[in-house]
Amino acid sequence: MIAEVNQGLLPELRLASEHPHHPVTVHSVSAPWQLVGAGNYAAVVEHPEYSGLVVKVYAPGRPGIEAEAEVYRRLGKHPAYSECCYSRVKSGFLILRKLHGTTLYDCLRQGIPVPQKVMQDIDEALAYARRLGLTPHDVHGKNVMMREGRGIVVDVSDFMNPEPCTMWSDLKRAYKLLYPPWLRRIPVPDLLLDVIRRGYRLLKRR
Ligand SMILES: Nc1ncnc2c1ncn2[C@@H]1O[C@H](COP(=O)(O)OP(=O)(O)O)[C@@H](O)[C@H]1O
Ligand SMILES: [Mg+2]
C-alpha cells in the first residue's frame, strides 16, 4: 500500500490550502483512489484494494503531521478513535484505520437525528485523552462522527495544542439549546451551515 501511495497517489494528487481556517481544495485524485473527506489541513482518500484503511495527506505547507502521529501513539487502542498504522512525515501522509460513520455536520445536513449517547461517548473519549496528558482541541461537527448510535472522534491532529479551545463545549451547549428532538429530522441547508460556521468564527474572532 505504501508503494501505491508513493507511486499512484502522491504524484497525481493536487491539494491546495488556500486559507488555514477553511477546508483544503482537492483538485484531482487519480483513480482508483477516492476522496473520503477534506479538512482544513489535509485530504483523506481510500483505495478499493485496501479496505479498512485511509490515507490522510497533508496539504503542502500545512504543519502538524508529526503531532498527529504522536497523538495516535499515545491514544493506543480506544473504541472512539482511529489508529495510525504508518506515518511518513517527509512525504506528508499517514495511513489510518478507516472509521465508518457520518460526521455530525453531515447528520445535520441530512436530517439524521443525533442521540444524546453520541455526545456522551465523545465526552468520555475526550476525557480519556485528557487523562493521557493530551489537550483536545478543534473538536467540531466535521471532526466527530456517529456510527450505530455511538460517538467517534475522527480528527486528533490538534490534541497537542495547549491553547484553550471551547468548540466542543460550545457544540454541546448548542446541542442542548438548539437541537430539540422534533427538529432533528429536518435537514439543514449547506448555506445555513456555512453562515453558522462563519458567524461562530466571527463571534470567537479566530
Ligand atoms: N480515519 C478516518 N476514517 C474515515 N474518514 C476519515 C478518517 N479521518 C478523516 N476522515 C474524513 O476526512 C475528513 C477530514 O479529515 P480530518 O482528519 O478532519 O482532516 P483535518 O486535520 O484537515 O481537519 C473528516 O471530516 C472525515 O470526513
Ligand atoms: Mg478536521
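Order of appearance sets the numbers: ligands from 1, and atoms from 1 within every ligand.
- At a heavy-atom cutoff of 4.0 Å, ligand 1 is contacted by the side chain of Asn143 but not by its backbone.
- Considering both main-chain and side-chain atoms, Leu99 comes within under 3.5 Å of ligand 1 through a nitrogen or oxygen pair.
- For atom 1 (N) of ligand 1, the choice among Met145, Lys56, Arg97, Lys142 with the nearest heavy atom turns out to be Arg97.
- Judged by distance alone, the side chains of His22 and Arg197 do bring a donor and an acceptor atom under 3.5 Å apart.
- More than 12 heavy-atom neighbours from other residues, nucleotides or ligands sit within 6.0 angstrom of CG on Leu177.
- Without hydrogens or angle criteria, Tyr175 side chain to Gln116 main chain gives a donor-acceptor distance under 3.5 Å.
- Nearest N/O/S atom of Asp155 with respect to the Mg ion (ligand 2) is recorded as OD2.
- Residue Ser157 approaches ligand 1 through these ligand atoms, each under 4.0 Å from one of its heavy atoms: 21 (O).
- Both Val54 and Leu75 are assigned to one and the same hydrophobic cluster, defined by single-linkage of ILVMFWY side chains at heavy-atom distances under 4.5 Å.
- Within the 2.8 Å limit, Asp138 places no N, O or S atom next to the Mg ion (ligand 2).
- A donor-acceptor pair under 3.5 Å links the side-chain atoms of Ser30 to the main chain of Gly8, judged by distance alone.
- Regarding atom 9 (C) of ligand 1, its nearest protein heavy-atom neighbour is Val154 CG1, 3.3 Å.
- Polar contact with ligand 1: present for Asn40 (N/O pair, distance under 3.5 Å).
- Here is the list of ligand 1 atoms found below 4.0 Å of a heavy atom in Val36: 5 (N).
- Between His100 and ligand 1 there is no heavy-atom distance shorter than 4.0 Å.
- Salt bridge Arg147/Asp121: absent, no basic N to carboxylate O contact under 4.0 Å.
- The closest protein non-hydrogen atom to atom 27 (O) of ligand 1 is Thr103 CG2, 3.9 Å.
- The Mg ion (ligand 2) has no N, O or S atom of Tyr41 under 2.8 Å away, backbone or side chain.
- Between Tyr41 and ligand 1, at least one N/O pair is under 3.5 Å apart.
- The aromatic rings of Tyr128 and Tyr81 sit tilted, their planes meeting at an angle between 30° and 60°.
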Exercise for review: Begin with the C-alpha distance, continue with both residues' side-chain angles, and end with the deciding distance and a verdict on side chain to side chain donor-acceptor pair (under 3.5 Å) for Tyr58 and Glu68.
Suggested key: CA-CA 11 Å; Tyr58 273 65; Glu68 180 162 2; 2.5 Å; yes
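- For ligand 1, the atoms closer than 4.0 angstrom to any heavy atom of Asp155 are 16 (P), 17 (O), 18 (O), 19 (O), 20 (P), 21 (O), 23 (O).
- Linking Ile, Leu, Val, Met, Phe, Trp and Tyr residues whenever their side-chain heavy atoms come within less than 4.5 Å places Leu126 and Val114 in a single cluster.
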Practice item. Under the side chain to side chain contact (heavy atoms under 4.5 Å, CB included) rule, what do Phe159 and Val153 come out as? Steps first, then yes or no, please. Key: CA-CA 11 Å; Phe159 278 29; Val153 183; 4.1 Å; yes
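- Interface of Ala42 with ligand 1, defined as ligand atoms under 4.0 Å from a residue heavy atom, comprises 22 (O).
- Nearest protein neighbour of atom 15 (O) of ligand 1, counting heavy atoms only, is Val44 CG2, 3.5 Å.
- Among Leu13, Leu94, Leu10, Leu9, the single residue meeting the side-chain contact (heavy atoms from CB on, under 4.5 Å) criterion with Val55 is Leu9.
- Proximity of Ala38 to ligand 1, defined as any heavy-atom pair under 4.0 Å, is confined to the backbone N, CA, C and O atoms.
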